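The structure appears below as structure tokens.
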Amino acid sequence: MARIGIAGAGVLGRLLAWQLSRAGHSVTVFDPAAGPEAPATGSLSEHAAFAAGFTAAGMLSPIAELDNAGPDIARLGWRSLALWREVADTLCAEGCSAPLFEQHGSLMLAHGSDLGAARRVLARLETAPSLAAELPAPQPLDREALAALEPALAPGLHAWLLPGEAQVMSRDMLHALAVQAPNVHWCWGERVERVEPGVLHLMGEGPVRFDLAIDVRGVGAKPDLPLRGVRGEVIWLHAPGVPLQRPVRLLHPRHRVYIVPRPGDLFVVGASEVESEDRSPVSLRSAVELMAAAQSVIPSLAEARIVHMEANLRPALPDNEPHTHAEPGLLRINGLFRHGWLLAPALVQDALAALANMEKALAHA
Ligand SMILES: Cc1cc2nc3c(=O)[nH]c(=O)nc-3n(C[C@H](O)[C@H](O)[C@H](O)COP(=O)(O)OP(=O)(O)OC[C@H]3O[C@@H](n4cnc5c(N)ncnc54)[C@H](O)[C@@H]3O)c2cc1C
């Protein structure tokens with residue numbers, strides 16, 4: 001059994017803590033948040049930092065994200081789908097009653113006037129021939145097939161089904177990973193200033209020693225890593241009676257807008273992508289553009305009620321790629337950018353395997 005200290009209780013921190021404690025290790029997690037719950041947000045004065053994982057729509061879209069990322073991200077993401085399913089099944093079997101994972105594929109949509117832009121995106125999704133044997137290709141749907149799958153969508157949309165894509169209920173998953181890992185020692189309200197091999201330096205309290213120190217502070221790992229935050233905004237709608245089974249994404253020359261259905265007649269509409277570290281509330285322009293796009297895709301959202309708006313920062317490195325660093329006594333994972341939910345389980349699996357191999361090599365040295 002190793003003594004493991006984790007800085008950060010976001011997507012990576014909670015998943016690592018849950019897995020490592022189940023593997024029999026003694027795990028302590030430090031995070032400045034007040035507790036495991038999603039924070040309440042809203043007023044202009046309340047824009048303290050909290051995990052980007054709470055704000056995320058939780059889309060697991062390895063095929064669609066080929067529009068923004070390379071084949072390695074798609075491969076890791078495709079592997080993560082089965083891993084998230086296992087995590088969700090275990091949490092549900094052990095008492096979580098909220099649905100945590102849904103897999104019905106997703107839809108890419110385009111209005112007729114944007115067909116040219118849509119075709120360019122589809123071409124990017126198909127430019128990775130090495131992936132052809134590993135990931136399914138987008139399947140075009142005709143009007144009848146689309147109406148049968150998702151009757152709430154506006155007629156006349158061009159549509160492609162991305163088979164196998166899924167979603168995690170991000171807020172409920174983060175909560176379940178924390179409260180269903182009772183052997184973990186959660187230290188809320190504690191900020192880690194610096195992480196070194198085997199040491200977490202707590203703000204105002206000094207160093208705490210562990211066998212393994214893990215740094216998964218997201219944007220909070222600045223300046224130890226050359227990170228930047230990329231602002232993203234989402235809007236939560238309540239629309240009883242509007243049927244939507246799967247996430248949909250509108251292809252548009254200017255925006256990447258998606259609508260993700262959530263239990264309780266809720267819909268997450270997102271997300272802007274702004275090169276800014278401003279955490280203040282959602283701007284009028286983003287709200288208008290996201291909601292107009294959403295209503296153009298699902299006209300019956302017109303009577304939806306706006307229940308919540310939220311902005312947060314995606315942790316990104318200069319190349320927008322995830323970065324894992326493992327050395328004896330230290331693991332850092334960061335830079336998950338717009339793919340944190342998509343990539344976390346595969347990255348965690350690879351990082352823990354790398355650490356185990358390193359330990360074996362040291363033991364034989
Ligand atoms: C609007 C939006 C939509 C998104 N949609 C998706 C999506 O659909 N699919 C997807 O895959 N990804 C999505 N993402 C990206 C995803 O949320 C991130 O990539 C992911 O949250 C990164 O995980 P993380 O654990 O590295 O960081 P985070 O989830 O941000 O967690 C970092 C944690 O570290 C803590 N911390 C910070 N500083 C310190 C410190 N000094 N000491 C200790 N702890 C500290 C924070 O409080 C936080 O709890 C979205 C992000 C945004 C903003």
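Values in this document were obtained by computation on a predicted structure and should not be read as measured data. For ligands, and for the atoms within them, numbers begin at 1 and follow the listed sequence.
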Taking the basic N atoms (NZ, or NE/NH1/NH2) and the acidic carboxylate oxygens, is any pair closer than 4.0 Å for E310 and R171? yes

Ligand 1 contact by G58, heavy-atom criterion under 4.0 angstrom: yes

Structural part of I333 in contact with ligand 1, heavy atom criterion under 4.0 angstrom: neither

Is ligand 1 under 4.0 Å from a heavy atom in the side chain of V234, in the backbone, in both, or in neither? side chain

Which is it for F54 and ligand 1 at heavy atoms under 4.0 Å: side chain, backbone, both or neither? neither

In terms of atom number and element, which parts of ligand 1 are under 4.0 angstrom from non-hydrogen atoms of F337? 15 (C), 16 (C), 18 (C), 19 (O)

To atom 37 (C) of ligand 1, the nearest of H339, H201, R217 on a heavy-atom basis is R217

Return the residue, atom name and 0.1 Å-rounded distance of the protein heavy atom closest to atom 22 (C) of ligand 1. P315 CG, 3.9 Å

Shared ILVMFWY cluster between L177 and L336, side chains joined below 4.5 angstrom? yes

Does ligand 1 have a heavy atom under 4.0 Å from the side chain of A9, from its backbone, from both, or from neither? backbone

My understanding is that we take every heavy atom of each candidate and find the minimum distance to atom 47 (O) of ligand 1. Doing that for D31, I6, V260, V268, which one comes out nearest? D31

Examine the proximity of ligand 1 to R338 and report which part, side chain or backbone, both or neither, has a heavy atom under 4.0 Å away. backbone

Are E233 and R285 within salt-bridge range, i.e. N to O under 4.0 Å? no

Closest to atom 30 (O) of ligand 1 (heavy atoms only, candidates A52, G8, G218) is A52

Count the heavy atoms belonging to other residues, nucleotides or ligands that lie under 6.0 Å from CD of E94, then report whether that count exceeds 12. yes

To atom 21 (O) of ligand 1, the nearest of G229, G53, G13 on a heavy-atom basis is G53

Looking only at non-hydrogen atoms, which of R191, K222, E310, R314 approaches atom 51 (C) of ligand 1 most closely? R314

Against heavy atoms of Y258, which atoms of ligand 1 measure under 4.0 Å? 3 (C), 5 (N)

Is V192 close to ligand 1, meaning an N/O of one under 3.5 Å from an N/O of the other? yes

Tell me, do E150 and L244 make a side-chain contact under 4.5 Å, heavy atoms counted? yes

Give yes if a backbone or side-chain nitrogen or oxygen of V11 is under 3.5 Å from a nitrogen or oxygen of ligand 1, and no if not. yes

All ring-ring contact (aromatic ring centres under 6.0 Å, His included) counterparts of W160, not counting sequence neighbours: none

Atom indices of ligand 1, in the order listed, that fall short of 4.0 Å to a heavy atom of F30: 43 (C), 44 (N)

Determine, considering heavy atoms only, which of A7, A271, G220, P32 sits nearest to atom 45 (C) of ligand 1. P32

Residue set satisfying ring-ring contact (aromatic ring centres under 6.0 Å, His included) with W186, at least two apart, ordered chain then number -> W188

Is D350 paired with R79 through a side-chain N to carboxylate O contact shorter than 4.0 Å? yes

Minimum distance, heavy atoms only, to atom 17 (O) of ligand 1: which one of A56, A311, G340, A344 is it? A56

Determine, for E275 against R228, whether the closest basic-nitrogen to carboxylate-oxygen distance falls under 4.0 angstrom. yes

